**Q** 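Quick one: this structure, given as structure tokens, is what I'll be asking you about.
Numbering of ligands and ligand atoms starts at 1, following listing order. What you see below is based on every heavy atom in this structure, not just the backbone, and it leaves out hydrogens, waters and symmetry mates. What you are looking at is a predicted structure, and each value in this text was computed from that prediction instead of being measured. All residue numbers refer to positions in the sequence shown, counting from 1.
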Amino acid sequence: MDLSYTERERAFRDELREWLAANPPGERPQGEEADYAWRRDWQRRLHEGGWAGVHWPVEYGGRGASLMETAIFFEELGRARAPLPANVLGLLLGGPTLMVWGTEEQKDRYLPPILSAQEIWCQGFSEPDAGSDLAALKTRARRDGDGWVVSGQKVWTSGAQFSKWCMLVARTDPDVPKHKGLTYFLMDMEQEAVQVRPLVQITGEADFNELFVEEARIPDENVIGGVGNGWKVALTTLMNERAGLGFFLQVRLRQLLDELVEQAAASGALDDPRVADRLGDLHVRTEILRLTAYRGLSAIEQYGQPGPEGSLVKWLWSDTNQMLTQLAADVVGPEALTAGRPWAYELLRARGNSIEGGTTEILKNIVAERVLGLPRAR
Ligand SMILES: Cc1cc2nc3c(=O)[nH]c(=O)nc-3n(C[C@H](O)[C@H](O)[C@H](O)COP(=O)(O)OP(=O)(O)OC[C@H]3O[C@@H](n4cnc5c(N)ncnc54)[C@H](O)[C@@H]3O)c2cc1C
């Protein structure tokens, strides 16, 4: 792969830089509600400027950016210290899943408000007894007239408190093998039958929630990819989660590493060869991650959707982010362990990285079996 920019790519980068200079994201505000409002406003501005879905095809309202332009886009956002857009799950997971499995009517109805952040999406996959083994989920959907009635419990549903739509996987046929009896729905969160209860994380924030669903109604036209086909549709979402999000997050990792190197240089910690050695190791890992993330994007370009290699990016990212934030605690000292300080937030938030979007153990299984072709564990 040639990683130098062409004339066209340079023009794309310059146009974006100019736009970002004229439209800075501003300082991150304090407090969850304010932070969310800020990220939603940021996405609206990106949308108005034509930058919300650079990697989405033009026919779906995106910019149809090439692999390299998409990479440039994410890197420039990183340079501008821009936040993740509020509808990150819609942009990176929900939209691309609809593009593969949705009907024309579904794409027309749901894709535009994802881009503009008018309708926020969340992911209702995990349950108290079904996380890694997602196909064991118990939430039931039964047919009722021309729709479905759904009951069950979901957990760890990020951003559910702000969401209009939930990508919900439920069991529609309990009498067939577990992977075959699932259906993927788009559930309207704005109904009495759906209760959202926040769960406070180690960071002190409540990014995710419990979801109690008691006889919620979903019309037939909100089935995505056909009844009984939910497992395959869910895999499309998960592969996009690992590859797409991995790319965005590796840019954030580079920002954090640069900040840490600056702080280590300013405090003199960089003169300690043990610190310099660990920073050097982190630099190499971050570069490997960047290049592996590029490979993931080229798979999307070639095959239309991400492959299992995205699992490697997500595993390497979570591992490296945890190492980096741990080193920051050693370099920065007590400040990095004081509640409310940015490094303390990064350190505590990083603990969940090896669980969210697939645990490290599960990702290692996928890489072993589907990338390296090793025998199945069971
Ligand atoms: C910050 C954060 C945000 C999240 N957001 C969402 C969200 O928006 N929507 C959503 O649906 N879910 C979300 N999740 C849930 C996440 O997807 C699950 O936590 C994850 O899939 C693991 O499931 P579990 O917690 O049930 O753990 P389990 O599956 O019970 O795993 C427990 C332990 O056993 C290990 N294990 C399990 N099976 C195997 C195996 N076959 N081989 C080897 N080891 C194994 C796991 O690696 C883990 O260490 C989020 C989680 C976090 C931490």
**Q** Counting heavy atoms only, name the option from Ile202, Asp207, Thr359 that's nearest to atom 22 (C) of ligand 1.
**A**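 Checking each option, the heavy atom nearest atom 22 (C) of ligand 1 is found in Thr359.
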
**Q** For side-chain contact (heavy atoms from CB on, under 4.5 Å), just list the numbers for Trp51 and Asn23, CA-CA rounded to whole Å, side-chain angles, deciding distance to a tenth of an Å, and then say yes or no.
**A** CA-CA 12 Å; Trp51 297 104; Asn23 297 275; over 6 Å; no

**Q** Are Glu287 and Arg290 close enough for a salt bridge, meaning some N to O gap below 4.0 Å?
**A** yes

**Q** Are any of the N/O atoms in Ser158 less than 3.5 Å from those in ligand 1?
**A**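 For ligand 1, there is an N or O atom that lies under 3.5 Å from one belonging to Ser158.
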
**Q** I'd like to know if the side chain of Gln322 pairs up with that of Ser354 as donor and acceptor (distance under 3.5 Å, no hydrogens or angles considered).
**A**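 Short answer, yes.
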
**Q** Could an N or O of ligand 1 be found under 3.5 Å from any N or O of Phe125, whether backbone or side chain?
**A**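 Such a contact does occur with ligand 1.
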
**Q** I need the contact type for Leu134 against ligand 1. Using non-hydrogen atoms and a strict under-4.0 Å cut-off, is it side chain, backbone, both or neither?
**A** neither

**Q** Going by the order shown, which atoms of ligand 1 are within less than 4.0 Å of some heavy atom of Ile362?
**A**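 What qualifies from ligand 1 is 38 (N), 39 (C), 40 (C), 41 (N).
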
**Q** Using only heavy-atom distances, determine whether the side chains of Arg252 and Gln255 contain a donor-acceptor pair under 3.5 Å.
**A** yes

**Q** Please say whether Asp133 places an N or O atom under 3.5 Å from an N or O atom belonging to ligand 1.
**A** no

**Q** Is ligand 1 under 4.0 Å from a heavy atom in the side chain of Arg349, in the backbone, in both, or in neither?
**A** side chain

**Q** Please determine whether residues Val284 and Val313 belong to a single hydrophobic cluster, defined as Ile, Leu, Val, Met, Phe, Trp and Tyr linked transitively by side-chain heavy-atom distances below 4.5 Å.
**A**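 Val284 clusters together with Val313.
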
**Q** Establish, from distance only, whether the side-chain atoms of Trp165 and Glu119 form a donor-acceptor pair under 3.5 Å.
**A**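 Note: Trp165 and Glu119 side chains meet the donor-acceptor criterion.
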
**Q** What atoms in ligand 1 come closer than 4.0 Å to a heavy atom of Gln123?
**A**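 Matching atoms, with element in brackets: 7 (C), 8 (O), 9 (N), 10 (C), 11 (O).
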
**Q** What I want to know is whether Gln201 and ligand 1 share at least one N or O pair that is separated by under 3.5 angstrom.
**A**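 By distance alone, the answer is no.
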
**Q** Can you list the steps and then say if Trp121 with Asn87 is a side chain to side chain donor-acceptor pair (under 3.5 Å)?
**A** CA-CA 6 Å; Trp121 285 39; Asn87 204 10; 5.5 Å; no

**Q** Is Glu356 in polar range of ligand 1, meaning some N or O pair under 3.5 Å apart?
**A** no

